[in-house]
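Structure, as structure tokens:
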Amino acid sequence: MLKTNLYKWSVIAASCFLSTACFDNETNSAAQSTMAEKTAQADEAQAGTEIMYDFEGNSIPASIKFGNAEGELIQSNGVTQGNKALKVKFNSANKPYSSISFEPETPWDWSQYDSFNIAFDIANEGEVSVFMKLGVTDIDGSNYTRSVVVPVGKSKTYYSKMAGHDVGSPDSDLGDSVELNLSSGLRSNPPTWSSEDVQFVWMWGNKNLNLKGIKKINFTLEHNLRNKEIIIDNIRIRPNPKLNPDYLVGIVDKFGQSSKQEFEEKVHSEAELIEVKNKELARLNDGEMLDGRSRFSGWEDGPKFEATGYFRTQKIGDKWSLIDPEGYIFFTSGIANVRMSNTTTVTGYDFAKDTIKQRSADDVTPEDSEGLNTPPAEAIPTRHVVSETRKNMFQWLPDYTDPLAGNYGYRREVHSGPIEHGEVFSFYMANLERKYGETTPYSYVNNWGKVTLDRMRSWGFTSFGNWVDPIFYDNKKMPYFANGWIIGDFKTVSSGNDFWSPLPDVFDPKFAERADVTLKVVADEVKGSPWCVGVFVDNEKSWGRPGRPESELGIVIHTLNRDGADVPTKNMFTQTLKKQYGDIKKLNQAWDLSLSSWDAFQKGGFDTAPSNKNRIADYENLLYLYAKQYFKVVDGALAKYLPNHLYMGVRFAGWGMPAPVVKAASEYVDVLSINLYKEGLIPSTWKFLEKLDMPAVIGEYHFGTTSSGFFHPGLIAAADQKDRARMYKEYMHSIIDNDYFIGAHWFQYIDSPITGRAYDGENYNIGFVSVTDVPYNAMVDAAREVNGTLYERRFKALLDKKE
């Protein structure tokens with residue numbers, strides 16, 4: 001199956017490396033090498049290239065498998081380099097998954113290569129872009145996932161690195177340590193050489209696979225609303241060209257934008273920034289709302305129901321809905337994270353630790369949700385470089401004597417990235433200061449607040465989403481959702497895959513104490529306002545990953561192995577099973593154990609794998625009881641302090657919704673909340689809502705693109721801003737058309753910093769506005785279109801009945 005065709009690939013490689021079109025303008029001007037040097041590069045690029053599939057045979061190789069897809073060998077007709085190519089039709093409409101996979105009988109052994117990538121020639125003659133995830137799995141079961149979006153159009157080469165560059169120095173931070181890991185502080189790095197080829201974007205997984213055996217490569221489409229197709233050809237592995245040592249240098253201009261790429265909304269001067277601001281303010285017209293809206297953005301032209309003075313839920317015919325305080329039907333269409341807490345990026349500097357105030361156990365808000373935390377004056381003289389790589393990314397950072405230095409901050413906690421703590425800077429806040437000036441410290445925040453509120457109303461949104469800045473809590477123009485985090489020094493348990501943090505031991509009395517403290521703080525902020533729809537508490541907790549008992553029931557599996565004398569949840573497990581089975585011998589028989597007593601069970605240290613159906617059934621019940629206690633505690637605190645406001649749930653991650661936990665949540669929350677990063681809502685995967693018969697809301701979703709200078713588009717990618725707007729409309733329509741969903745919130749208002757947000761390096765183009773606070777025109781147009789018809793679309797039957 002693996003074959004070499006060096007002549008063919010020397011021609012293709014040379015055509016790229018000898019063409020100045022393969023380089024961007026800046027690289028062109030900086031790399032005027034001789035023809036001999038370019039020829040040497042071409043020779044280096046083709047040497048050792050191995051073709052895995054060129055599709056020149058008469059049949060599709062047996063090692064290629066399809067899932068909800070079909071393949072056909074076609075004449076290339078110049079679409080790709082060869083005579084033939086493979087056309088793949090993904091029957092992906094309303095399917096959870098469609099795929100094509102390459103699974104050789106004998107795994108590929110690429111261990112002899114030190115620095116190489118896997119490349120594919122892909123064309124798209126379909127109607128819309130194709131967003132795909134690339135999976136590569138080795139013989140140890142490790143895998144990595146990367147992604148790419150293939151726009152409609154001619155063939156391009158798409159590549160994914162399998163091994164990084166050998167830079168000749170194990171101490172260099174420009175080699176593997178940055179290139180194939182997260183030490184740059186970016187979720188995905190810019191290309192390390194210049195060409196017209198497109199680099200796959202890193203998503204998750206093990207970046208350094210066992211190259212002695214690669215057993216599977218696959219492309220997957222997930223939760224699509226349409227059928228898609230691609231033409232694929234010339235799958236090969238090839239050497240990486242010589243690394244550009246400056247690939248991370250000077251990538252950000254003084255406005256926090258890409259210094260390497262032009263795009264429609266890019267700002268080039270402060271004068272241009274002011275000009276764009278003035279034109280937009282005139283267009284907003286002080287935030288004039290769309291027609292047909294009630295005071296609370298409900299459906300004024302629709303039927304009216306009981307008014308309670310606060311938001312509530314109601315089922316109208318077959319459709320769940322929110323009802324606003326005046327009794328009008330309400331659908332929550334909004335933007336989440338309308339705040340500046342996540343606009344900072346790590347600069348590469350730090351200060352002496354004893355000059356920085358450390359966090360307190362009494363804090364109720366994670367640092368990433370707080371403000372700048374400006375370094376104190378006594379810290380400034382101790383400022384020093386801790387990451388040259390980070391420092392060198394910026395063409396400009398202000399001195400501490402500069403008027404814009406007030407936009408520096410400090411992070412004492414970094415989830416993932418180049419440093420554990422250090423200085424941060426907000427280009428977004430600096431740009432606001434440039435736009436509006438500053439009469440008193442951070443006075444520009446008031447200008448930002450008014451313009452933001454005007455935008456929401458003008459763009460047709462009916463509410464803010466989660467994590468809105470508390471300055472909007474008393475705006476009396478736009479409904480909002482409050483948020484709380486239960487953090488503290490209570491004991492914890494583990495699912496075995498605690499992405500953000502371990503889970504609370506909900507049977508520890510301190511958990512209930514901290515829940516009480518948190519909800520009282522939220523209540524003090526909300527002040528009983530009828531403009532607050534409800535409260536989200538916590539976010540994307542690692543409850544477990546459905547699919548396999550080992551991942552879904554991890555909380556139980558790992559907690560059972562602990563000593564119940566120290567772990568309250570384990571003690572609950574012991575008491576529950578003791579009551580259920582009575583005699584330890586009956587548990588031994590059911591679970592295939594040989595424990596001597598319940599004391600031995602309580603102590604832990606035995607095999608807890610979900611190895612038979614009795615264990616699995618009991619584990620599911622224990623997980624349900626654990627989750628039930630969590631929701632019971634939170635619901636009790638919310639009812640105590642905010643009795644008139646809806647409990648909006650825990651914002652399940654789409655990857656973390658075990659059925660027992662969802663069942664427990666449904667018994668306490670008013671609305672199930674889910675963060676769902678897919679192309680749309682596939683009805684078949686949400687059938688469980690019919691059984692629960694309760695409303696749900698999407699807490700987060702987004703689409704991004706690299707066409708505006710970003711190195712990572714986001715969790716779901718579009719080809720460009722217009723394509724991004726199309727995907728937004730299709731996603732929202734799938735929500736509006738579902739009987740059980742009462743809204744959806746886009747994440748987020750502002751693009752991530754191009755160099756990654758300080759907490760975890762997310763560097764996504766996911767904002768409705770850029771780092772210069774300039775709205776993306778295509779997204780604004782799409783929002784006004786969707787929001788302008790959402791009530792009529794969702795409740796057309798009521799309109800027909802009224803007529």
Side-chain angles (χ1 to χ4, degrees), residues 358-369 412-416 420-421 483-519 521 536-545 550-577 601-606 608 610 619-637 649-653 655-658 660-662 664-665 668 675 759-760:
Q358 300 304 305
R359 289 182 62 77
S360 166
D362 294 330
D363 290 346
V364 296
T365 305
E367 186 178 40
D368 195 44
S369 292
R412 294 160 293 193
E413 299 173 353
V414 174
H415 178 269
S416 51
E420 295 182 358
H421 45 75
N483 169 262
W485 297 84
I486 305 176
I487 60 176
D489 58 351
F490 44 75
K491 295 180 178 181
T492 62
V493 297
S494 173
S495 68
N497 188 10
D498 307 324
F499 183 74
W500 294 114
S501 64
L503 289 99
D505 188 324
V506 296
F507 289 92
D508 181 350
K510 287 188 177 181
F511 174 72
E513 293 175 10
R514 296 301 298 171
D516 191 271
V517 169
T518 295
L519 270 301
V521 170
F536 293 103
V537 181
D538 287 331
N539 180 66
E540 293 189 351
K541 304 188 80 63
S542 299
W543 301 102
R545 293 178 180 262
E550 292 81 2
S551 59
E552 183 172 37
L553 303 171
I555 293 173
V556 178
I557 294 168
H558 293 278
T559 304
L560 281 173
N561 243 327
R562 299 176 67 186
D563 189 339
D566 302 319
V567 184
T569 291
K570 168 60 183 298
N571 186 62
M572 183 277 288
F573 289 171
T574 302
Q575 301 310 315
T576 298
L577 293 167
F601 181 91
Q602 176 81 321
K603 192 71 174 175
F606 53 88
T608 64
Y619 287 12
E620 288 174 345
N621 182 55
L622 294 175
L623 180 59
Y624 162 75
L625 293 174
Y626 166 83
K628 182 176 180 178
Q629 178 70 6
Y630 169 88
F631 290 105
K632 179 181 178 181
V633 167
V634 177
D635 183 51
V650 73
R651 294 166 55 83
F652 286 115
W655 46 259
M657 297 178 59
V661 179
V662 174
Y668 291 95
N675 298 346
Y759 184 60
D760 60 2

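All values reported here derive from a predicted model rather than from experimental measurement.
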Please walk me through it: do Gln602 and Asn571 pass side chain to side chain donor-acceptor pair (under 3.5 Å)? CA-CA 7 Å; Gln602 176 81 321; Asn571 186 62; 2.7 Å; yes

Can you list the steps and then say if Tyr626 with Val556 is a side chain to side chain contact (heavy atoms under 4.5 Å, CB included)? CA-CA 9 Å; Tyr626 166 83; Val556 178; over 6 Å; no

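The shortest side-chain heavy-atom distance between Leu622 and Leu577 falls under the 4.5 Å cut-off. At a threshold of 4.5 Å between non-hydrogen side-chain atoms, the residues Glu540 and Arg651 do not count as touching. Looking only at side-chain heavy atoms (C-beta outward), Leu503 and Ser542 come within less than 4.5 Å of each other. Side-chain contact between Val506 and Phe490: absent, with no pair of heavy atoms (C-beta onward) separated by less than 4.5 Å. Side-chain contact between Asn539 and Asn483 is absent, with no heavy-atom pair separated by less than 4.5 Å. You'll find the side chain of Val567 reaches within 4.5 Å of the side chain of Val493, heavy atoms only. Side-chain atoms of Ser495 and His558, non-hydrogen and from C-beta on, never get closer than 4.5 Å to each other. Glu420 places none of its side-chain heavy atoms less than 4.5 Å from the side chain of Val414.
Of the inter-residue distances, the one linking Glu550 atom CD with Thr608 atom OG1 reads 10.5 Å to the nearest 0.5 angstrom. Taken from CD in Glu552 to OH in Tyr619, the straight-line distance is 14.0 Å, to the nearest 0.5 Å. The distance from atom CE of Met657 to atom CG of Asn675, rounded to the nearest 0.5 Å, is 10.0 Å. Note: Ile487 CD1 to Arg514 CZ = 6.5 Å, rounded to the nearest 0.5 Å. The line from CD1 of Ile555 to OG1 of Thr569 is 9.0 Å long, rounded to the nearest 0.5 Å.
The six-membered or imidazole ring of Trp543 lies near that of Phe631, with a centre-to-centre distance under 6.0 Å. You'll find the ring centres of Tyr630 and Phe511 inside the 6.0 Å limit.
Side-chain N or O atoms of Lys541 include none that pairs as donor or acceptor with a backbone N or O of Ala653 at under 3.5 Å. At distances below 3.5 Å, at least one donor-acceptor pair connects side-chain atoms of Ser551 with backbone N or O atoms of Arg545. A donor-acceptor pair under 3.5 Å links the side-chain atoms of Asp508 to the main chain of Lys491, judged by distance alone.
Asp538 and Trp485 get closest at one heavy-atom pair: OD1-CA, 3.6 Å. Among all heavy-atom pairs drawn from Pro610 and Ile557, the shortest one is CD-CD1, 3.6 Å. When all heavy atoms of Leu623 and Pro658 are compared, the closest pair comes out as CD2-CB, 3.9 Å. When all heavy atoms are compared, the tightest approach of Thr492 to Arg562 is O-NH1, 2.9 Å.
Sparse packing is recorded around NZ of Lys603, with 12 or fewer heavy atoms of other residues, nucleotides or ligands lying under 6.0 Å away. Environment of CD in Gln575: crowded, with over 12 heavy atoms of neighbouring residues, nucleotides or ligands closer than 6.0 Å.
Under a cutoff of 6.0 Å and an axis angle of 45°, Lys570 and Phe601 form a cation-pi pair.
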